[in-house]
Asks: 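My structure is below; once you've seen it, I'll send some questions.
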Number of protein chains: 2
Amino acid sequence: MSIRNPKQALYEQFAIVAKALGHPLRLEMIEHLAQGARSVEALAVKLGQPVANISQHLQALRRAGIVSAERDGKFVHYSLADASVLSAFAAVRGVAERHLAEVDRIVRGYFDARDDMRSVTRDELQRLMRDGLVTLIDVRPADEFALGHVPGAINVPLSEIKAWSGGADTGKEVVAYCRGPWCVMSFEAVAALRSLGLAARRMEDGMPEWKAAGLPVEMAADGVAN
Amino acid sequence: MSIRNPKQALYEQFAIVAKALGHPLRLEMIEHLAQGARSVEALAVKLGQPVANISQHLQALRRAGIVSAERDGKFVHYSLADASVLSAFAAVRGVAERHLAEVDRIVRGYFDARDDMRSVTRDELQRLMRDGLVTLIDVRPADEFALGHVPGAINVPLSEIKAWSGGADTGKEVVAYCRGPWCVMSFEAVAALRSLGLAARRMEDGMPEWKAAGLPVEMAADGVAN
DNA sequence: TCGTCATTCAATAGAATTGTTGAATGGCAG
DNA sequence: CTGCCATTCAACAATTCTATTGAATGACGA
């Protein structure tokens, strides 16, 4: 607890940030906040957690400088402090991908073989879209889609995949994306589409990465979802 | 604990990595391992910690895929798993720098005013070195210097700064670097040199960042320090 | 001013992490 | 085989983290 040694003091500060990232629920909260600002309750509903619990974790993230809060009437909207948070998340993910056999096992176990899941990069997607070779679907819930999506993408939430696929252009490959590189929804969407006989792949990244790369973002008429 | 939900399972894996980074001592261990491989005892001595404690933390880092171990006789040499660990560390540091007022306070409080400490970038240093305008000193202990240093740098451990400054070329500015961007030794070296009347600045990064950037590294004749 | 509602705080029990101690393991030298 | 040494493991108390509960805060609308 002695703060006399500046070296130690600095490491303690860095550790505060890392520790705040060191909880599954908080990571999930970050991924949701990366889609756009959210009130405490909205987040709680999304994650299926008690409000008090979410509030507490939000405080922890705030103390670590990971999220920032903005009061709006009786709501408090939380959002990521800035893009450096996303790169920290990505870097942590990178270490896990590279060195934790468990990550690989989970992916292989739940999402068919990895080879079949070869994903499309952002650059590749832009080329395919320009040439009109693919149908791009955003499988996130409608409210997240409204807050910003890849230009030209159609919003097809996971639950509507089957219904939508009936009217899909079978001549084009379908590319699906959602919240991030490991967001489960796009894996499931691709699996579902394939079982329905359509050619489908994931986009490697999700909306937050797309936005962070400075690529254009299309928004729904209405601005803010609660 | 239920591993049924793949989404949760993935977040848990990512959290393992972040949690492992969430301890000041482990961060310090990482910074030391970034200088080169070390045995358990060597690390323990460097950090002034009991061997068992270091061993335990090394296990934690190993479980998170952050360090890798290699047995050599009765020694076990630990080193960083790969460069992705350094970028994760850097990203966490970035969040802390940007958003934790405490970090700024520590730096200002202990290392004079920030403006006086304006540091030299790697690119700028290379230019200055090419033109012979600066004297570059590596203020790390000799064993770390031996494992790799910036070409042209002179090894002047912190304790020898004063003695060395006596014979220094007063016509050139001195640039000091050590283990990383916030490594305290180079701050102290610069402060000491200035109080002795020499012009001095820090290099922004340390040896690990220099190496990770793919820049040339000079090594001492002897290879491995224990 | 009063009630309502979103959010935060405080308090609790249960779980996980930390540092320390001393014993166990596994390779080396004689 | 035996003793030695680097490292790891096991077990403990102390601390910290977690989720839950219910009460407190602070802003809005009547």
Side-chain angles (χ1 to χ4, degrees), chain A residues 1-3 8 11-13 15-30 32-33 37-64 66-79 224-226, chain B residues 1-3 8 11-13 15-30 32-33 37-64 66-79 224-226:
Chain A
M1 267 294 156
S2 68
I3 332 181
Q8 258 177 279
Y11 282 123
E12 266 163 35
Q13 296 304 311
I16 286 173
V17 174
K19 206 178 295 184
L21 293 174
H23 191 286
L25 183 52
R26 286 196 290 265
L27 289 178
E28 197 175 352
M29 289 167 66
I30 289 171
H32 276 275
L33 291 178
R38 292 263 179 271
S39 69
V40 179
E41 201 192 353
L43 246 190
V45 169
K46 285 259 178 201
L47 304 186
Q49 289 281 326
V51 173
N53 195 11
I54 294 296
S55 173
Q56 214 158 314
H57 283 296
L58 280 171
Q59 299 310 311
L61 290 172
R62 203 164 58 87
R63 276 192 299 273
I66 289 172
V67 307
S68 58
E70 193 180 344
R71 175 138 226 153
D72 176 24
K74 49 173 129 179
F75 293 84
V76 177
H77 287 273
Y78 282 90
S79 51
V224 180
N226 73 329
Chain B
M1 265 295 154
S2 68
I3 334 182
Q8 257 177 281
Y11 282 123
E12 266 163 35
Q13 296 305 311
I16 286 174
V17 174
K19 207 178 296 186
L21 293 174
H23 191 287
L25 183 52
R26 287 198 289 265
L27 289 177
E28 197 175 353
M29 290 167 65
I30 289 173
H32 275 275
L33 291 178
R38 293 264 179 270
S39 69
V40 178
E41 201 191 354
L43 245 190
V45 169
K46 286 258 178 203
L47 303 186
Q49 289 281 324
V51 173
N53 195 11
I54 294 295
S55 173
Q56 211 158 316
H57 282 297
L58 281 170
Q59 298 310 311
L61 289 172
R62 203 164 58 89
R63 277 192 297 273
I66 288 172
V67 307
S68 58
E70 193 179 344
R71 176 139 227 151
D72 174 24
K74 50 172 127 178
F75 294 84
V76 176
H77 288 274
Y78 282 90
S79 50
V224 180
N226 74 327

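In what follows, every chain begins at residue 1, and chains take the letters A, B, ... in the order their sequences are listed.
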Asks: Whole angstrom is fine here: how far is it from NE2 in A:H77 over to C1' in C:dT7?
Replies: 12 Å
Asks: Would you tell me if any nitrogen or oxygen in the side chain of B:S55 comes within less than 4.0 Å of OP1 or OP2 on D:dT8?
Replies: yes
Asks: Between the protein and nucleotides 19-23 of chain D, list the N/O to N/O atom pairs that are separated by less than 3.5 angstrom.
Replies:
unit_1, atom_1, unit_2, atom_2, d
D:dA19, OP2, A:N53, OD1, 3.4
D:dA19, OP2, A:H57, NE2, 2.5
D:dT20, O4, A:Q56, OE1, 3.0

Asks: What is the distance, to the nearest angstrom, from the CD1 atom on B:I54 to the C1' atom on D:dT8?
Replies: 14 Å
Asks: Distance check needed: C:dC28 C1' versus B:K74 NZ, whole Å only.
Replies: 5 Å
Asks: Output the rounded distance in Å from CZ (A:R71) to P (C:dC5).
Replies: 16 Å
Asks: Please find the pair of heavy atoms, one from A:H77 and one from A:S39, that lie closest to each other, and give the distance.
Replies: ND1-N, 3.8 Å
Asks: May I have the distance from B:E41 (atom CD) to D:dA6 (atom C1'), rounded to whole angstrom?
Replies: 7 Å
Asks: Please confirm whether the shortest side-chain N or O distance from A:Y78 to OP1 or OP2 of C:dA6 is below 4.0 Å.
Replies: no
Asks: Which residue, B:L58, B:L33, B:I30, forms the side chain to side chain contact (heavy atoms under 4.5 Å, CB included) with B:I66?
Replies: B:I30
Asks: Grab the CG-C1' distance between B:L43 and D:dA6 for me, whole Å please.
Replies: 14 Å
Asks: Name every donor-acceptor pair, under 3.5 Å, that has one atom in a side chain of residues 17-26 of chain A and the other anywhere in the protein, sequence neighbours excluded.
Replies:
unit_1, atom_1, unit_2, atom_2, d
A:H23, ND1, A:L25, N, 3.1
A:R26, NE, A:A20, O, 2.7
A:R26, NH1, A:H57, ND1, 3.1
A:R26, NH2, A:K19, O, 3.3

Asks: Once you round it to whole Å, what is the distance between P of C:dA16 and NZ of A:K19?
Replies: 17 Å
Asks: Tell me which nucleotide among D:dT7, D:dC4, C:dT8 gets nearest to the side chain of B:V40.
Replies: D:dT7
Asks: So which nucleotide from C:dT7, D:dT8, C:dC28 ends up closest to the side chain of B:V76?
Replies: D:dT8
Asks: Are B:Q59 and B:R62 close enough that some pair of their side-chain heavy atoms sits under 4.5 Å apart?
Replies: yes
Asks: Is B:R26 close enough to C:dT18 that one of its side-chain N or O atoms is under 4.0 Å from OP1 or OP2 there?
Replies: yes
Asks: Within the structure shown, what part of the strands sits under 4.0 Å from B:R62 by heavy-atom distance: base, sugar-phosphate, or nothing?
Replies: nothing
Asks: CG of A:L61 versus C1' of C:dT8: gap in Å, rounded?
Replies: 15 Å
Asks: Only one of B:V45, B:V40, B:L47 clears side chain to side chain contact (heavy atoms under 4.5 Å, CB included) with B:L43; which?
Replies: B:L47
